[in-house]
Amino acid sequence: MDYKELYNEWLTNPYFDDDTKTELERIQDDEKEIEDRFYKELEFGTAGLRGVIGAGTNRMNIYTVRKATQGLANYIIKMHGQDRGVAIAYDSRHMSPEFADEAALCLNANGIKAYVFESLRPTPELSFAVRELKCIAGINVTASHNPSEYNGYKVYWEDGAQITPPHDVGIMDAVSALRDYNKLKTMKKEEALAEGLYIPIGQEIDDKYIEALKKQVKNPEIIKEVQKDIKIVYTPLHGTGNIPVRRVLKELGFENVYVVEEQEKPDGAFPTVSYPNPESEEAFQLAVQLGNKVGADLLLATDPDADRLGVYVKGSKPGTYHILTGNMSGCLIAEYEISQLKEKGQLPEDGAFIKSIVSTNLANDIAKYYGIELIEVLTGFKYIGEKMLEFETKHTGTYVFGFEESYGCLIGTHARDKDAVVATMALCEAAAYYKTKGMSLWDKMKEMYNRYGYWRDGVEAITLKGKEGIEKIQSTLKQLRKQVPETIKDYKVLSVRDYENDTVKNMETGEVTVTGLPKSNVLYYDLSEEAWVCIRPSGTEPKLKIYYGVKGSDFQDADTKLKELGDYVVDMIHRML
């Protein structure tokens, strides 16, 4: 059926409820809106679903969630995992509890138990729960930091990481094989509860999760020494982080934790921000005001599902704060964690520091300094989780730390996804430790730059919405593959990594080798003077993302080089669109 026929099917089929039909009747004269809602199925990608909430095949609603879950259930049964159950969590977004229940009841109708959190919980706790409950899979209803009109559906496998090959392809195939919404299974919640298929979970998992985090503390005695002196401002940005973050900091002894009151309570409308992204300066406006009022040492913000952490640290001048990018905060935490393991004689000989290919090369220098292996993986923390599983099953290494430039990292192996709760804990501990050395976190950051070099990294995104936007993104990457530039700005292109074709081409010799990583629509340019550029489509939003990095002789030199390179590449891409 074409989009118009699908629209009429949803309007007339008794399977779809009256609220859905009423919403669709309101757009009957808007041909473009009808097309956008029905020209395709909301794509079940390598992690799950993400889209605007609303009626239609290309929207997040109970029917698209039910379809995704039926596909997951079919795959679980095929893998003989139906007796192990599925853990389900959700965040503060609109429709999150409803989508969580819809997923649970579809699983229940297929004879699969669902362990459903009684109220909203952070993403990393869902990852923890999958392994703690020995489930075959997990579902998290969240759209992370997207605007309020979005919601999403992430799928995890038994190792606690988001699905990777072969399970991602297997589940995608199972979902795409479903054609008839009328045949998707569900059941009433009262019946599922009575039959022991729908199982609420909460406090017991919370306690075990918090205990797992506290085991990662390196210097508990240091916290006690300065617990009255460290001042922390925290905002959960209307999401899931409020209770677990405050709880773990309190239990560790931090006494001066100030929460941004206006952003404390869960609210899917995210009324104080245009979108709840800890990368955004707007998200920190209220935290900065409170920080100046109380004289805070650091300002922290977690995104709605509490897997990503934004950080501001106090400057040397009163009332000033330095913004740390995800690369900076990730490397600052890594430096603290790895240095403390080294100092205590606990750093494994086969230790590994894992980062995504678009993250800063400052990490490479940290790994080299401490004598541990640096491993690069594709963008997406699931690939870091995949490496952790490989270490466990093949005994090929020991996980020490992993991070992505997009404000996500993981200390410990209790979870297999980014964990902003444990990152908050670690950064506060680091602030206490360096305070006993007469240093602020910014002092430590400057010391790191002096030791490793002035690495600066940036990211830009070009938004291209709708069907036409997706086509332009694909067309641009095709052009870049056909016409490899010899230079980018004033930098010579030394090699090109094409992860779609699994090739690394040396531009001087013409030699071609393999990337060694899974297939992905990504181009990476290694440039002269240790600069680099990487271009890829976003996996969750209609954007073309451009990552780039430079190394300067000092802060000013690095900042100048970074801006010039970023401006040049963005302009180059715009000319191709």
Self-check item: Donor + acceptor pair across side chains of Gln162, Asp417 (<3.5 Å)
Solution: yes
Quiz item: Taking the inter-plane angle between the rings of Phe38 and Tyr7 on a 0 to 90° scale, is it parallel (under 30°), tilted (30 to 60°) or perpendicular (over 60°)?
Solution: perpendicular
Exercise. Go through Tyr198 and Lys189 one step at a time and tell me if the side chain to side chain contact (heavy atoms under 4.5 Å, CB included) criterion holds.
Key: CA-CA 7 Å; Tyr198 186 109; Lys189 188 172 181 178; 3.4 Å; yes
Quiz item: Considering residues at least two apart in sequence or located in another chain, which fulfil the side-chain contact (heavy atoms from CB on, under 4.5 Å) criterion with Lys519?
Solution: Glu500
Quiz item: With the threshold set at 4.0 Å, does a side-chain nitrogen-carboxylate oxygen contact exist between Asp2 and Lys4?
Solution: no
Practice problem: Please identify each residue that fulfils side-chain contact (heavy atoms from CB on, under 4.5 Å) with Lys214, with sequence neighbours left out. | Solution: Ile210, Glu211, Val248, Glu251, Leu252
Self-check item: Glu23: partners by side chain to side chain donor-acceptor pair (under 3.5 Å), with sequence neighbours left out
Solution: Arg37
Quiz item: Quick one: side chain to side chain donor-acceptor pair (under 3.5 Å) partners of Asn277, sequence neighbours excluded?
Solution: Arg308
Quiz item: Can a donor-acceptor pair be found between the side chains of Tyr3 and Glu31 at a distance below 3.5 Å?
Solution: yes
Self-check item: Distance-only side-chain donor-acceptor flag, Arg536 / Tyr547, under 3.5 Å
Solution: yes
Quiz item: Under the side chain to side chain contact (heavy atoms under 4.5 Å, CB included) criterion, do Leu178 and Asn74 qualify, and how do the steps go?
Solution: CA-CA 10 Å; Leu178 299 169; Asn74 290 348; 3.8 Å; yes
Self-check item: Taking every non-hydrogen atom, the tightest pair across Leu120 and Gly239
Solution: CD1-O, 4.1 Å
Quiz item: Parallel, tilted or perpendicular: which describes the rings of Tyr63 and Tyr181, with under 30° parallel and over 60° perpendicular?
Solution: perpendicular
Quiz prompt | Given Lys154, Lys418, Arg50, the one that forms salt bridge (Lys or Arg N to Asp or Glu O under 4.0 Å) with Asp305 | solution = Lys154
Quiz item: Hey, are the side chains of Pro122 and Pro244 touching, using non-hydrogen atoms and a 4.5 Å cut-off?
Solution: yes
Quiz item: With no hydrogens and no angle check, do the side chains of Tyr407 and Thr325 hold a donor and an acceptor under 3.5 Å apart?
Solution: no
Quiz item: Should we say atom NZ of Lys40 is surrounded by more than 12 heavy atoms from elsewhere, each under 6.0 Å from it?
Solution: yes
Quiz prompt | Check: Ala192 main-chain N/O paired with Asn108 side-chain donor or acceptor under 3.5 Å | solution = no
Exercise. Give a yes or no on whether the backbone of Ser127 and the side-chain of Arg416 come within a donor-acceptor separation of less than 3.5 Å.
Key: no
Practice problem: Please answer whether the main-chain N or O of Ile112 pairs with a side-chain N or O of Asn110 as donor and acceptor at a distance below 3.5 Å. | Solution: no
Exercise. Compare every heavy atom of Trp10 with every heavy atom of Gly56, then report the nearest pair and how far apart it is.
Key: N-CZ3, 3.4 Å
Exercise. Before giving the answer on salt bridge (Lys or Arg N to Asp or Glu O under 4.0 Å), spell out for Glu392 and Arg131 the whole-Å C-alpha distance, their side-chain angles and the decisive distance to 0.1 Å.
Key: CA-CA 14 Å; Glu392 282 187 356; Arg131 300 174 72 238; 3.8 Å; yes
Quiz item: Could you go step by step and tell me if Ile76 and Ile171 meet the side chain to side chain contact (heavy atoms under 4.5 Å, CB included) rule?
Solution: CA-CA 9 Å; Ile76 288 172; Ile171 295 169; over 6 Å; no
Self-check item: salt bridge (Lys or Arg N to Asp or Glu O under 4.0 Å) between Arg84 and Glu158, intermediate numbers included
Solution: CA-CA 10 Å; Arg84 295 175 56 190; Glu158 61 184 335; 2.6 Å; yes
Quiz prompt | Heavy-atom donor-acceptor pair, Gln70 side chain to Cys106 backbone, under 3.5 Å | solution = no
Exercise. Might you work through the side chain to side chain donor-acceptor pair (under 3.5 Å) test for Glu376 and Ser356, ending with a clear yes or no?
Key: CA-CA 5 Å; Glu376 286 192 334; Ser356 64; over 6 Å; no
Exercise. Taking the side chain as every heavy atom from C-beta outward, state whether Val65 and Met60 have any pair of such atoms under 4.5 Å apart.
Key: yes
Quiz item: Quick one: do Arg179 and Glu41 make a salt bridge, cutoff under 4.0 Å?
Solution: no
Exercise. Apply salt bridge (Lys or Arg N to Asp or Glu O under 4.0 Å) to Asp36 and list each qualifying residue two or more places apart in sequence or on a separate chain.
Key: Arg59
Practice problem: For atom CD of Glu5, decide whether the heavy atoms of other residues, nucleotides or ligands shown that lie under 6.0 angstrom number more than 12. | Solution: yes
Quiz item: Checking side chain to side chain donor-acceptor pair (under 3.5 Å) for the pair Asp303/Ser144: CA distance, chi angles, key distance, verdict?
Solution: CA-CA 7 Å; Asp303 65 343; Ser144 188; 3.2 Å; yes
Quiz item: Is it true that atom CD1 of Ile243 has more than 12 heavy atoms of other residues, nucleotides or ligands lying nearer than 6.0 Å?
Solution: no
Quiz prompt | Lys67 atom NZ: more than 12 heavy-atom contacts under 6.0 Å | solution = yes
Practice problem: Could you tell me whether the side chain of Thr12 and the main chain of Asn8 form a donor-acceptor pair under 3.5 Å? | Solution: yes
Quiz item: Is there a donor-acceptor pair closer than 3.5 Å between any side-chain N or O of Asp502 and the backbone N or O of Asp498?
Solution: no
Self-check item: Backbone of Val522 reached by a side-chain donor or acceptor of Ser520 within 3.5 Å
Solution: no
Practice problem: With salt bridge (Lys or Arg N to Asp or Glu O under 4.0 Å) as the test, would you mind laying out the steps for Glu204 and Lys208 before giving the verdict? | Solution: CA-CA 6 Å; Glu204 185 179 351; Lys208 290 180 178 180; 3.5 Å; yes
Exercise. Apply the test salt bridge (Lys or Arg N to Asp or Glu O under 4.0 Å) to residues Asp267 and Lys265: give CA-CA distance (whole Å), side-chain angles for both, the deciding distance (0.1 Å), then the verdict.
Key: CA-CA 6 Å; Asp267 189 335; Lys265 302 299 182 185; over 6 Å; no
Quiz item: Pro124 and Tyr209: which non-hydrogen atoms are nearest, and at how many Å?
Solution: CG-OH, 3.6 Å
Quiz item: Is there a donor-acceptor pair under 3.5 Å between the side chain of Thr20 and the backbone N or O of Phe16?
Solution: no
Quiz prompt | Derivation of the side chain to side chain donor-acceptor pair (under 3.5 Å) call for Tyr153 and Thr142 | solution = CA-CA 6 Å; Tyr153 174 107; Thr142 176; over 6 Å; no
Quiz item: With distance as the sole test, does Ser475 use its side chain to make a donor-acceptor pair with the main-chain N or O of Glu471 at under 3.5 Å?
Solution: no
Quiz item: When you check the gap from the basic side-chain N to the acidic O, do Arg121 and Asp91 get nearer than 4.0 Å?
Solution: no
Exercise. Please check if the distance between the ring centroids of Phe353 and Phe401 is under 6.0 Å.
Key: yes
Practice problem: State, without any angle test, whether Thr272 and Gln263 hold a side-chain donor-acceptor pair at a distance under 3.5 Å. | Solution: yes
Exercise. Tell me, please, which residues at least two apart from Arg66 pass salt bridge (Lys or Arg N to Asp or Glu O under 4.0 Å).
Key: Glu102
Practice problem: Indicate whether any N or O donor in one side chain lies under 3.5 Å from an N or O acceptor in the other, for Arg247 and Asn242. | Solution: no
Quiz prompt | Polar side-chain atom of Asp419 near backbone of Val421 as donor-acceptor pair, under 3.5 Å | solution = yes
Quiz item: How far apart are the C-alpha atoms of Tyr156 and Asn140, what are their side-chain angles, what is the distance that settles it, and do they pass the side chain to side chain contact (heavy atoms under 4.5 Å, CB included) test?
Solution: CA-CA 8 Å; Tyr156 292 72; Asn140 193 22; 4.0 Å; yes
